[in-house]
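First up is the structure itself, then whatever we jot down about it.
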There are 2 protein chains.
Amino acid sequence: MRKDKVSEAVIRRLPKYYRYLMELERIGVERISSQELSKKMGIKATQIRQDLNCFGGFGQQGYGYQVKMLKKEIKDIIGLNREYRVILVGAGNIGQALANYIGFEKEGFNIVGIFDVNPKLIGNTIRSKTIMDIDTLHTFAKQNRIDLCIITTPKENAQQIADMVIGVGIKSIWNFAPVDVEARKGVFVENVHLNDSLYTLVYRINEQEGMKKRECLPAKGGE
Amino acid sequence: MRKDKVSEAVIRRLPKYYRYLMELERIGVERISSQELSKKMGIKATQIRQDLNCFGGFGQQGYGYQVKMLKKEIKDIIGLNREYRVILVGAGNIGQALANYIGFEKEGFNIVGIFDVNPKLIGNTIRSKTIMDIDTLHTFAKQNRIDLCIITTPKENAQQIADMVIGVGIKSIWNFAPVDVEARKGVFVENVHLNDSLYTLVYRINEQEGMKKRECLPAKGGE
DNA sequence: TAGATTGTTAATCGATTAACAATC
DNA sequence: TAGATTGTTAATCGATTAACAATC
């Protein structure tokens with residue numbers, strides 16, 4: 001049965017389920033129990049069942065889950081059963097990489113406009129899409145239905161771009177600039193923060209080394 | 001006082017603190033209270049104090065925190081007070097974007113080797129670093145001290161590359177391939193999963209729309 | 001039917017938040 | 001000193017996990 005509110009933690013796990021189910025389907029697995037899936041994914045079976053039951057009872061007692069069906073369900077739940085019209089603002093390193101990445105297109109994300117300020121980039125094409133002058137963004141966004149805006153500008157411009165595209169009615173922003181883009185209620189922002197990701201990794205490296213040197217653990221019994 | 005174990009949640013917030021403190025220092029703010037910082041960051045003041053006290057008492061009662069000092073402390077805690085020698089495997093779209101991004105270099109991450117299988121890429125240079133044949137990776141990694149390996153290969157090769165670099169003693173992996181790279185204890189892996197990030201964003205878009213259509217909320221009192 | 005495995009309730013665990021004494 | 005704000009303990013909240021009845 002459906003839960004009244006799906007927690008952030010569950011939402012974050014949905015794409016992971018999708019990923020594993022895609023792979024299982026690809027290698028021809030027909031059914032899987034929460035137990036088996038648990039072992040593969042490294043999370044508890046009971047959590048899997050709990051998570052899935054936020055959206056419906058997709059399994060069958062004594063049998064498990066049909067991989068194909070469950071994958072399809074999760075695909076629908078995430079919203080990958082439709083197409084998305086995407087614009088990308090900032091055609092630098094990361095912008096170009098994302099525009100070139102065909103994985104997104106395969107899942108229904110179509111880049112319909114690429115924008116930049118740099119005159120050297122304007123007019124160039126990425127996968128047959130012309131990079132347009134950022135001054136034309138406002139008009140373009142008004143004239144075309146756009147579902148999602150990717151921001152890959154320097155951090156100084158990110159919020160300004162966000163405000164502008166929100167102003168013309170765009171409801172979701174995938175931000176790669178290293179600032180937290182803010183938006184009014186009803187607009188969805190996902191801040192990626194690659195730096196942060198790297199730093200947590202680096203923290204762990206040093207945490208271990210630090211243990212020895214710093215002796216920061218209050219001795220808690222023997223060991 | 002230092003906590004015996006710093007939770008994952010706290011670790012994930014450290015780079016965010018660092019980011020905000022960098023900005024505060026840049027714009028010339030000398031001191032800040034947990035209350036003010038709370039407002040800026042959108043997290044509770046009490047959580048900030050709780051978090052910081054995992055590592056030490058950096059504040060002063062009745063005054064707050066010295067921005068410069070606290071930034072320095074967090075920088076040290078994360079481990080950004082030293083240099084890292086990095087190799088990058090997979091010089092495709094994302095690999096090139098990361099190799100070109102100077103932000104990492106500024107924080108002490110030096111790319112000392114770039115590798116690919118593609119003969120068309122091998123020999124090319126990215127920021128004056130030559131792309132080398134992946135067959136030379138094993139020898140290279142043995143002969144050079146390397147702190148971190150960035151994997152930007154297709155998903156099919158990611159685990160294999162990981163196993164190899166772990167085999168020659170590399171202790172941390174920043175993986176961009178859309179699979180969960182596994183590693184033995186003592187090796188740190190950060191799986192980035194850009195797709196997952198996009199999908200959670202997309203989920204939110206549809207969640208809202210879904211509300212109306214599906215009527216999945218059990219009516220809980222009025223409204 | 002017997003065996004397996006789900007869906008779901010209840011218990012546990014951990015993280016966030018409130019409250020306040022300590023102290024600058 | 002009085003006011004401000006930390007550091008820290010205790011309370012709350014939410015997420016994970018265990019347990020088991022339901023059922024295929």
Side-chain angles (χ1 to χ4, degrees), chain A residues 1-14 16-17 20-21 24 29-71 73-74 77 200 203 216-218 220, chain B residues 1-14 16-17 20-21 24 29-71 73-74 77 200 216 218 220:
Chain A
M1 306 301 114
R2 292 210 184 82
K3 281 261 187 67
D4 28 343
K5 187 70 168 76
V6 180
S7 78
E8 179 69 15
V10 174
I11 296 169
R12 293 261 156 218
R13 280 191 293 270
L14 286 175
K16 185 168 178 176
Y17 290 124
Y20 276 84
L21 289 163
L24 286 168
V29 176
E30 272 192 19
R31 60 162 217 164
I32 194 158
S33 67
S34 59
Q35 191 59 242
E36 290 169 284
L37 191 55
S38 158
K39 215 187 295 173
K40 280 192 194 294
M41 293 183 65
I43 61 180
K44 288 275 192 301
T46 188
Q47 180 164 69
I48 293 173
R49 298 204 298 278
Q50 193 75 284
D51 283 357
L52 295 179
N53 283 13
C54 292
F55 305 99
F58 303 126
Q60 200 171 327
Q61 280 97 329
Y63 176 87
Y65 300 86
Q66 263 192 277
V67 169
K68 199 166 185 169
M69 181 271 247
L70 185 57
K71 188 216 78 176
E73 291 286 353
I74 290 178
I77 291 164
T200 58
Y203 172 84
C216 62
L217 296 180
K220 208 196 226 171
Chain B
M1 308 296 117
R2 289 210 183 81
K3 281 260 186 65
D4 29 343
K5 185 75 168 75
V6 179
S7 79
E8 180 69 16
V10 174
I11 295 169
R12 293 262 156 217
R13 280 191 295 269
L14 286 176
K16 187 169 175 175
Y17 290 124
Y20 277 83
L21 289 164
L24 286 168
V29 176
E30 272 192 18
R31 59 164 220 164
I32 194 158
S33 67
S34 59
Q35 190 59 243
E36 290 169 284
L37 190 55
S38 159
K39 214 186 294 174
K40 280 191 195 296
M41 293 183 65
I43 63 179
K44 289 276 192 299
T46 188
Q47 179 164 72
I48 292 172
R49 298 203 300 275
Q50 194 76 283
D51 284 357
L52 296 179
N53 283 13
C54 292
F55 305 99
F58 303 127
Q60 199 172 327
Q61 280 97 330
Y63 176 88
Y65 300 86
Q66 262 192 277
V67 170
K68 199 166 187 169
M69 184 271 248
L70 185 57
K71 189 217 78 178
E73 290 285 354
I74 291 179
I77 290 163
T200 58
C216 62
K220 207 197 227 173

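Sequence lines set the chain letters: A, B, ... in the order given, protein chains first and strands last, and positions in each chain run from 1. Since the model is a prediction, treat every value here as computed from it, not as a measurement.
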Which nucleotide in the list [options] gets nearest to the side chain of [X]?
X: B:K44; options: D:dT6, C:dA18, D:dA18; answer: C:dA18
X: A:S33; options: D:dT6, D:dT17, C:dT6; answer: C:dT6
X: B:Y65; options: D:dG7, D:dT5, C:dT8; answer: D:dG7

Could you tell me how far apart [X] ([atom1]) and [N] ([atom2]) are, to the nearest whole angstrom?
X: B:Q35; N: D:dT5; atom1: CD; atom2: C1'; result: 10 Å
X: A:E8; N: D:dA15; atom1: CD; atom2: P; result: 10 Å
X: B:D51; N: C:dT17; atom1: CG; atom2: C1'; result: 12 Å
X: B:M69; N: D:dT6; atom1: CE; atom2: C1'; result: 12 Å
X: A:L52; N: D:dA15; atom1: CG; atom2: C1'; result: 16 Å
X: A:I48; N: C:dT5; atom1: CD1; atom2: C1'; result: 13 Å
X: A:R13; N: D:dA15; atom1: CZ; atom2: P; result: 9 Å
X: B:I32; N: D:dT6; atom1: CD1; atom2: P; result: 10 Å

Scan nucleotides 19-22 of chain C against the protein and return all N/O pairs shorter than 3.5 Å with their distances rounded to 0.1 Å.
unit_1, atom_1, unit_2, atom_2, d
C:dA19, N6, B:R49, NH2, 3.3

Go through the structure and list residues passing salt bridge (charged side-chain N to carboxylate O under 4.0 Å, His left out) with B:R49, not counting sequence neighbours.
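Listed in chain order: nothing, the list is empty.
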For B:R31, salt bridge (charged side-chain N to carboxylate O under 4.0 Å, His left out) partners two or more places apart
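With neighbours one apart ignored, the set is empty.
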Can you check whether [X] reaches [Y] side chain to side chain, under 4.5 Å on heavy atoms?
X: B:L37; Y: B:I43; answer: no
X: A:Y17; Y: A:L70; answer: no
X: B:L14; Y: A:T200; answer: no

Can you give the donor-acceptor pairs under 3.5 Å from side chains of residues 56-69 of chain B to other protein atoms, not counting sequence neighbours?
none

Any side-chain N or O of A:S34 less than 4.0 Å from the OP1 or OP2 oxygen of C:dT5?
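So the side chain of A:S34 is outside the cut-off, no N or O lying under 4.0 Å from OP1 or OP2 of C:dT5.
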For A:Q47 and D:dT16, is the shortest distance between a side-chain N/O and OP1 or OP2 below 4.0 Å?
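The answer is yes; a side-chain N or O of A:Q47 sits under 4.0 Å from OP1 or OP2.
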Does the pair B:D51 and B:V6 meet the rule for a side-chain contact (heavy atoms from CB on, under 4.5 Å), with working shown?
CA-CA 9 Å; B:D51 284 357; B:V6 179; over 6 Å; no
Which residue pairs pass the side chain to side chain donor-acceptor pair (under 3.5 Å) test with at least one member in residues 35-44 of chain A, sequence neighbours excluded?
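Found A:S33-A:E36.
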Closer to the 5' end of DNA chain D via nearest nucleotide, is it A:S7 or A:Y63?
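Checking each residue's closest nucleotide, the 5'-ward one belongs to A:S7.
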Does B:Q50 make a side-chain donor-acceptor contact with the base of C:dT17, cut-off 3.5 Å?
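By the distance-only test, yes, there is a pair.
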Given B:Y20 and B:I74, is the side-chain contact (heavy atoms from CB on, under 4.5 Å) satisfied, shown in steps?
CA-CA 11 Å; B:Y20 277 83; B:I74 291 179; over 6 Å; no
Indicate the atoms forming the closest heavy-atom contact of A:S34 with A:A45, along with that distance.
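Looks like O-CB, 3.6 Å.
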Starting at the 5' end of DNA chain D, what dot-bracket string do you get if Watson-Crick and G-U pairs under 3.5 Å are bracketed, crossing pairs use [ ], other-strand pairs use | and unpaired bases use dots?
..||||||||||||||||||||||
